[in-house]
Amino acid sequence: MAEVKIGNAFVGDGHPCFIIAEIGINHNGDVDIAKKLIDVASFAGCNAVKFQKRTPELCVPPEQRNMMRDTPWGYMTYMEYRNKIEFGQAEYTEIGRYCKSNGVVWYASCWDEPSVDFIDRFDPPCYKIGSPSLTDDGLLRYTRQKAKDRLILLATGMSTMDQIDHAVDVLGKSNLVLMHACSTYPANYVDLNLRVIPMLRERYDVPIGYSGHETGLPSSVAAVALGACVVERHITLDRSMWGSDQAASLEPNGISRLVRDIRLVEIALGDSIKRVVEGEIALIQRLRRVGGIQ
């Protein structure tokens, strides 16, 4: 299986799992909250942070635009809310500066072509295409054109195998990572179906990752044991904060524990060569009645 690169980090067989802290829209339109979340990811040992970028006029269905909702900024239309939480040039310039000063890689999932153009100004190390966009051939082709030889991560939630086959054909297998996902927020454990990870690996012969939306840690660690070379989880300062993704996110202690557990499991997985380790030799001599050290 070919290895790929995200920035200066290699991803694939023989390399540490690349761990992404998805900030997404959990910043609630506040750059200071975004910076705190970048600090959380950096302290935990994550390899990158990810944001989301949309053009609300293109991404919000017309029938939803004038729906009213309560928000931290008052009672407003859904379109007003979507614009409220979108970062622009000034905010992402500051985010880029802050990430660089802290040695943190950042990029974004783009939901439409103008958003791809916008994020491209910041020369991201890779691009992410979210599960809702897997069937958007135009966006897939446009993102591949912009990415050139940079990596694309494609999430596969809410998609059939035929749809994934087609998306892979559109994007090509070069510089591609498929991210297994269940797109419900939060996801039920019975729906995670982690055994899809080795199946995707065998079917497409590209690196496979896992984008988790469950509330706990064990399944994301298990994904690594099943072959995921990238793990992405949403992070938040507090799951009780306002926002649609907060409840399915990990708080600072949670993301730190996840990184720790993944690194321990990577060590424990070993190299598949059965051997007697040094600490067992004295036990052989003391406990084994028949047969010595061979």
Side-chain angles (χ1 to χ4, degrees), residues 6 16-53 69-73 81 84-87 91-92 94-95 98-99 101-109 128 130-131 153 155 157 179-192 194 209-225 228 230-266:
I6 303 180
C17 179
F18 193 88
I19 304 173
I20 302 161
E22 162 130 24
I23 293 173
I25 56 173
N26 281 352
H27 51 71
N28 282 340
D30 188 324
V31 173
D32 288 336
I33 293 177
K35 288 180 177 179
K36 290 176 182 177
L37 289 168
I38 292 166
D39 289 341
V40 166
S42 177
F43 179 80
C46 296
N47 299 100
V49 296
K50 186 181 83 68
F51 293 86
Q52 296 179 17
K53 182 59 180 171
R69 65 184 299 171
D70 286 311
T71 76
W73 311 279
Y81 154 70
K84 194 77 173 176
I85 62 170
E86 283 297 330
F87 285 156
E91 291 84 2
Y92 273 114
E94 178 60 16
I95 284 168
Y98 193 76
C99 284
S101 68
N102 287 277
V104 177
V105 171
W106 78 275
Y107 65 101
S109 55
K128 171 76 182 291
S131 295
L153 299 102
M179 302 289 289
H180 173 56
C182 173
S183 294
T184 55
Y185 286 73
N188 295 317
Y189 275 77
V190 70
D191 295 327
L192 297 182
L194 296 180
Y210 176 63
S211 182
H213 304 123
E214 68 274 24
T215 56
L217 306 180
S219 46
S220 292
V221 178
V224 176
V230 178
V231 167
E232 175 187 276
R233 290 293 303 267
H234 286 257
I235 62 170
T236 180
L237 299 178
D238 186 333
R239 282 196 298 270
S240 67
M241 288 176 65
W242 191 90
S244 58
D245 295 344
Q246 307 285 1
S249 302
L250 298 178
E251 294 177 336
N253 183 54
I255 189 64
S256 293
R257 288 168 53 205
L258 178 63
V259 174
R260 177 202 65 190
D261 290 351
I262 286 175
R263 298 306 178 214
L264 288 174
V265 165
E266 286 178 321

- Task: List the steps, then state whether side-chain contact (heavy atoms from CB on, under 4.5 Å) holds for Leu237 with Ile33.
- Result: CA-CA 8 Å; Leu237 299 178; Ile33 293 177; 4.1 Å; yes

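- Ile235 CD1 to Ile23 CD1: the interatomic distance, rounded to the nearest 0.5 Å, is 5.0 Å.
- A distance-only check finds no donor-acceptor pair linking the side chain of His234 to the backbone of Ala247 [under 3.5 Å].
- Across every non-hydrogen atom of Pro16 and Arg263, the tightest pair is CB-NH1, 3.8 Å.
- Between the CG atom of Leu250 and the CZ atom of Arg239 there is a distance of 7.5 Å, given to the nearest 0.5 Å.
- Remark: Ile38 CD1 to Cys99 SG distance equals 3.5 Å, nearest 0.5 Å.
- Checked by atom type, the side-chain pair Asn26/Ser249 shows a donor-acceptor distance below 3.5 Å.
- Between the OG atom of Ser109 and the CE atom of Met179 there is a distance of 11.0 Å, given to the nearest 0.5 Å.
- Note: Trp106 and Tyr98 fail the aromatic proximity criterion, with ring centroids not under 6.0 Å apart.
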- Message: Determine whether Glu94 and Phe87 satisfy the following criterion, side-chain contact (heavy atoms from CB on, under 4.5 Å), listing intermediate values before the conclusion.
- Response: CA-CA 10 Å; Glu94 178 60 16; Phe87 285 156; over 6 Å; no

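- Between the side chain of Asp238 and the backbone N or O of Ser240, at least one donor-acceptor pair lies under 3.5 Å.
- Without hydrogens or angle criteria, Glu266 side chain to Cys17 main chain gives a donor-acceptor distance under 3.5 Å.
- Counting non-hydrogen atoms of other residues, nucleotides and ligands closer than 6.0 Å to OH of Tyr189 gives a total above 12.
- Considering all non-hydrogen atoms of both residues, Asp245 and Gln52 come closest at OD2-NE2, 4.2 Å.
- The shortest side-chain heavy-atom distance between Cys182 and Asn188 does not fall under the 4.5 Å cut-off.
- To the nearest 0.5 Å, atoms CG (Leu258) and OG (Ser220) are separated by 5.5 Å.
- Listed here is the closest heavy atom pair of Glu232 and Lys128: OE2-NZ, 3.0 Å.
- Nearest heavy-atom pair, His213 versus Ser183, reported as atom, atom and distance to 0.1 Å: ND1-CA, 4.0 Å.
- Lys84 NZ: 12 or fewer foreign heavy atoms inside a 6.0 Å radius.
- Side-chain N or O atoms of Asn47 include none that pairs as donor or acceptor with a backbone N or O of Ile20 at under 3.5 Å.
- Put simply, the side chain of Asp30 gets close to the backbone of Asp32: a donor and an acceptor are under 3.5 Å apart.
- Within the model, atoms OG1 of Thr184 and CG of Asp191 stand 5.5 Å from one another, a figure rounded to the nearest 0.5 Å.
- Nearest heavy-atom pair across Ala223 and Leu194 is N-CD1, 4.2 Å.
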- Give the intermediate values and the outcome of side-chain contact (heavy atoms from CB on, under 4.5 Å) for residues Asp261 and Val224. CA-CA 10 Å; Asp261 290 351; Val224 176; over 6 Å; no

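- Under the 30°/60° scheme for interplanar angles, the aromatic rings of Trp242 and Tyr81 are found to stand perpendicular.
- Under a 3.5 Å cut-off, the side chain of Arg233 and the backbone N or O of Glu214 do form a donor-acceptor pair.
- The two residues Asn28 and Ile85 have their closest heavy-atom pair at C-CG2, 4.1 Å.
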